[in-house]
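All heavy atoms count here, side chains included; hydrogens, waters and symmetry mates do not.
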Amino acid sequence: MDANSMAWLARRDGSVVVGHGPFTASVEAVGAVAFYVQDFALSDPKPWKIPSRFERITNREMAERYGAELASGIQWEPAEAGPFAAVFQEVAAAIDGGIFEKTVPVVTETGRTTTDPRKAIIAAMARQRPPLQSYGWCSGEGGFAGATPELLVSLREGRLETMALAGTARSEDRDVFAVDEKEIREHEYVARTLVAKLEDLGKTAVSDREIIDLESLVHFLTSISVILDRPQDPEDLVKRLHPTPALGPLPRNAQTIKQLLGWRSRLACPAEFGAPFGLLDGKRFDAVVAIRGIWWQGNVLKLPAGCGVIDESRLVNEWRELRLKREAVKSFL
């Protein structure tokens, strides 16, 4: 792979591991550090990317080293409502037909720059702080980078941690969001499903639902932890949890996954959006959900955002939520 390629993941404790290319693609993790870079369908047979060298730094050092560049000259093309409206109606019909309880279509906005956007995008994400975790993968003229609030799984010293993060509103609507039955129901779908997938692994603890404030947006958050009865393989855990109902279908089966992948393709969603992005560092494994990011190839940018659709969902409200999420990412720049 490209000698100028780069990967990184910022962890919740403020540490960052940065890998430098060229990378070796592998079926399994080897060496002291390996990045897990997959697409949403988990179709890459060699998802482990082994760096030629790596370094461990802090969030502050990451920002000082990479965060000075500012974006300029980005021209965004307005997202078209028509294709999303057509998919939304198909989703609603599938829910009425009992195929889904919930699923997550994605709308992608396109932008163009007059200069190479790589440095500015890396800088924008490097400047972000917990509870956001920055992540990125750059190779050749393309890549993606983001700052996600959603942890898929953390595995360390016999303890597994994950979270249900679902339900979205503007920060100024926090009070009404706290009692919004539709948003609460959507969140509880996600939390209950995650607990059910993990309770056979050990002693499970579930926090009370709370609201996490991410400046312009608020979300519901439920933290989940498991004291494991036995050692677990990181990639097996990823496959057990991904996609969570926050980004995937409920119920999750071959039919509903295939349908969701078809909708994502029709709406030009980048393959890695919502996918697991992970890091094996010795015996520690951390993986986030790759959302709140920007994908680029040359000077063309893609900014995707998804919305959870359930029976109570309404087209205009979901379209508004998608716009809010995209604007939150643009604010990073």
Side-chain angles (χ1 to χ4, degrees), residues 9-15 17 27-38 40-42 47-48 56 101-102 104 130-133 135 148-167 184-212 219-254 256-257 274-291 308:
L9 179 64
R11 299 180 290 200
R12 292 186 297 168
D13 60 7
S15 65
V17 178
V27 174
E28 57 185 8
V30 294
V33 163
F35 289 86
Y36 186 81
V37 186
Q38 256 294 10
F40 189 84
L42 303 184
W48 294 100
R56 298 183 181 93
E101 291 183 62
K102 176 182 185 287
V104 186
L132 298 177
Q133 293 179 248
Y135 63 90
T148 177
E150 187 168 359
L151 175 72
L152 180 67
V153 61
S154 179
L155 182 61
R156 190 177 187 185
E157 298 177 347
R159 178 184 176 90
L160 179 155
E161 295 182 14
T162 186
M163 64 170 61
L165 187 79
I184 291 172
R185 182 182 170 196
E186 179 184 338
H187 178 82
E188 292 301 322
Y189 274 153
V190 177
R192 289 196 303 270
T193 302
L194 283 173
V195 171
K197 288 182 178 298
L198 295 171
E199 57 189 0
D200 66 318
L201 298 182
K203 185 177 180 181
T204 304
V206 183
S207 73
D208 292 335
R209 184 179 67 246
E210 60 181 294
I211 294 176
I212 181 173
H219 303 286
F220 285 127
L221 167 67
T222 297
S223 298
I224 302 165
S225 64
V226 183
I227 304 299
L228 297 168
D229 288 340
R230 56 196 181 278
Q232 296 294 324
D233 178 76
E235 194 165 4
D236 289 344
L237 289 174
V238 167
K239 292 176 180 178
R240 178 185 284 245
L241 291 171
H242 171 80
T244 73
L247 268 296
L250 184 66
R252 188 181 82 180
N253 55 48
T256 59
I257 289 288
F277 185 93
L279 167 71
L280 186 63
D281 182 6
K283 295 182 178 180
R284 174 178 179 176
F285 180 68
D286 296 274
V288 298
V289 180
I291 57 175

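You'll find the side chain of V226 stays beyond 4.5 Å of the side chain of R159, heavy atoms only. Inter-residue side-chain proximity for V33 and V17 is flagged as met; some heavy-atom pair is nearer than 4.5 Å.
Across every non-hydrogen atom of A191 and I224, the tightest pair is O-CD1, 4.2 Å. Here the closest non-hydrogen pair linking P243 and I257 is CG-CD1, 3.8 Å. Taking both residues in full, the closest heavy atoms of L155 and P234 are given as CD2-CG, 4.3 Å, listed atom of the first, atom of the second, then distance. Closest approach of T204 and E199 over heavy atoms only: OG1-CA, 3.6 Å. P276 and V238 get closest at one heavy-atom pair: CG-CG1, 3.6 Å. Summarising the geometry of V104 relative to A246, their closest heavy-atom pair is CG2-O, 3.5 Å, with the distance given to 0.1 Å.
With hydrogens and angles disregarded, no donor-acceptor distance shorter than 3.5 Å links the side chain of S207 to the backbone of T222. Checking side-chain atoms of H242 against main-chain N and O of F40 turns up a donor-acceptor pair under 3.5 Å. With hydrogens and angles ignored, the 3.5 Å screen pairs a side-chain donor or acceptor of H219 with a backbone N or O of G167. A donor-acceptor pair is defined here as one N or O able to donate and one able to accept, closer than 3.5 Å; such a pair exists between the side chain of Q133 and the backbone of A10. With hydrogens and angles ignored, the 3.5 Å screen pairs a side-chain donor or acceptor of K102 with a backbone N or O of P245. Looking only at distances, no side-chain donor or acceptor of Y135 sits under 3.5 Å from a matching main-chain atom of A287.
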Exercise for the section: Assess whether side-chain contact (heavy atoms from CB on, under 4.5 Å) is satisfied between L221 and M163, documenting all intermediate values. Expected result: CA-CA 7 Å; L221 167 67; M163 64 170 61; 3.7 Å; yes

Practice task
List the steps, then state whether side-chain contact (heavy atoms from CB on, under 4.5 Å) holds for V37 with F277.
Solution key: CA-CA 5 Å; V37 186; F277 185 93; 3.8 Å; yes

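Relative ring orientation between Y36 and F285 is described as perpendicular, the plane-to-plane angle rising above 60° on a 0-90° scale split at 30° and 60°.
When the shell of 6.0 Å around CG of D200 is examined, it contains more than 12 heavy atoms from other residues, nucleotides or ligands.
Atom-to-atom distance recorded for F220:CZ and R209:CZ is 5.5 Å, nearest 0.5 angstrom. To the nearest 0.5 angstrom, L237 atom CG is 5.0 Å from Q232 atom CD. Distance CG/L198 to CG/L241: 5.0 Å, rounded to 0.5 Å. Here the CD atom belonging to E235 is positioned 7.5 Å from the CD atom belonging to Q38, to the nearest 0.5 angstrom. Going from atom OG of S15 over to atom CG of D286 covers 7.5 Å, rounded to the nearest 0.5 Å. Remark: R252 CZ to T193 OG1 distance equals 9.5 Å, nearest 0.5 Å.
Paired with E161 under the rule salt bridge (charged side-chain N to carboxylate O under 4.0 Å, His left out), one option of R12, R156, R284 passes, and it is R12. Under the side chain to side chain contact (heavy atoms under 4.5 Å, CB included) rule, V195 has a single partner from V190, V206, T162, which is V206. Looking at T148, V289, I212, L151 one by one, the single match for side chain to side chain contact (heavy atoms under 4.5 Å, CB included) with L165 turns out to be I212.
D281 and R56 are joined by a salt bridge, as a carboxylate oxygen and a charged side-chain nitrogen come within less than 4.0 angstrom of each other.
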